[in-house]
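All residue numbers in this chain count up from 1 along the given sequence. On a predicted model such as this, the values are computed, not experimentally measured, just so you know.
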Amino acid sequence: GTTGAVSLSKVLPDNSHAYGKSLAEWSAEWWKWGLSHPLAGHPFVDDPSFQVTSGQSGQVWFLGAPSGTVKRNCTIPVGKALFIGVICGEASDLEGLGTTKAEQQATAKFYADHIRNPFCSVDNVPVKHIGDYFVMSPQFTFNAPTPWIYGATGGKGKSVSDGIFLMLTPFSEGHHTLHYGGSFHFDIGEIGNTEPVDIPFDMTYNLKVRDDCDRH
């Protein structure tokens, strides 16, 4: 068993520079990873064909979450750090959400300002002061397939992200649980909506961490 102290030391501080990048720089990499995925098995979609290994490389693996309440059972190789978007948004020119960096920053911040009740627990221990982990990314370039997660036609785009991101140091072998999410809340008229809009996220990853992923 693990104690709370062990679990929470896994969450690196918001000002950390881990595995070669700041959290803000990693958030741009996380979105590049997500936006470049084809729709089938997309990490942001509740699709049974989802594979946690898709698009992963290096020591840091990315985890994404669809909206709604979703549970996934995944096997992760030992020694991988996990970078997660707890709840976040992005604004790209490919979606018509700003052509300049400043416009994209403003729209991404607008989404982030509408995040409510963010949470994350690691092996059932809550991450404290999760509001300290809001980061805005630098502007980044991505390549989206056609169709892509946010539109019928893909291509090369530029975007800025804002939201809550966490870097978790590698887990020990065995079973671990990540539970995270929150919601976006928009009052009437804020996004052209005639009724209040709530978009909840409640993601559970049941992780099996093992050192023999390449052998079956």
Side-chain contact test, heavy atoms from C-beta onward, threshold under 4.5 Å: evaluate it for [X] versus [Y] and give yes or no.
X    : Y    : value
K156 : T141 : yes
P66  : V45  : no
T69  : T204 : no
E90  : W30  : no
Y205 : I76  : no
Q139 : Q105 : no
W61  : C74  : no
S159 : W31  : no

Can you tell me how far [atom2] of [Y] sits from [atom1] of [X], rounded to the nearest 0.5 angstrom?
X    : Y    : atom1 : atom2 : answer
S92  : F142 : OG    : CZ    : 4.0 Å
L12  : F165 : CG    : CZ    : 15.5 Å
L35  : L94  : CG    : CG    : 9.0 Å
L207 : L168 : CG    : CG    : 9.5 Å
W26  : H17  : CH2   : NE2   : 10.0 Å
E190 : I188 : CD    : CD1   : 10.0 Å

Using a 3.5 Å distance criterion without hydrogens, assess whether the side chain of [X] forms a donor-acceptor pair with backbone atoms of [Y].
X    : Y    : result
E103 : L97  : no
K10  : T169 : yes
D47  : H42  : no
S137 : A28  : no
D162 : G89  : no

* Got more than 12 heavy atoms from elsewhere within 6.0 Å of NZ, K21? -> yes
* Counting heavy atoms not belonging to K80, are there more than 12 under 6.0 Å from its NZ? -> yes
What is the ring orientation for [X] with [Y], classed by angle as parallel under 30°, tilted 30 to 60°, or perpendicular over 60°?
X    : Y    : result
F186 : H114 : parallel
H37  : W33  : perpendicular
Y111 : F184 : perpendicular

Identify the heavy atoms of [X] and [Y] that sit nearest to each other, and give their distance.
X    : Y    : result
T146 : G154 : OG1-N, 2.8 Å
I84  : C120 : CD1-SG, 4.1 Å
F119 : I130 : C-CD1, 3.7 Å
T99  : D93  : CA-CB, 4.4 Å
S36  : P145 : O-CD, 3.6 Å
G64  : R72  : O-NH1, 3.3 Å

* Donor-acceptor pair between S54 and Q51 side chains, under 3.5 angstrom -> no
If hydrophobic clusters are built by linking Ile, Leu, Val, Met, Phe, Trp and Tyr wherever their side-chain heavy atoms come under 4.5 Å apart, do [X] and [Y] end up in the same one?
X    : Y    : answer
F110 : M136 : no
F83  : V160 : no
V70  : Y180 : yes

* Begin from the C-alpha positions of L23 and S16 and carry the test side-chain contact (heavy atoms from CB on, under 4.5 Å) through to its verdict. => CA-CA 7 Å; L23 291 190; S16 61; 4.1 Å; yes
* To do: Check the pair V11, Y133 against side-chain contact (heavy atoms from CB on, under 4.5 Å), reporting the backbone distance first and the verdict last.
  => CA-CA 10 Å; V11 179; Y133 292 89; 3.7 Å; yes
* Asked: Taking it one step at a time, do D187 and H185 satisfy side-chain contact (heavy atoms from CB on, under 4.5 Å)?
  -> CA-CA 7 Å; D187 292 325; H185 173 79; 2.7 Å; yes
* Take V86 and V127, measure what side-chain contact (heavy atoms from CB on, under 4.5 Å) needs, and give me the verdict at the end. => CA-CA 11 Å; V86 174; V127 177; over 6 Å; no
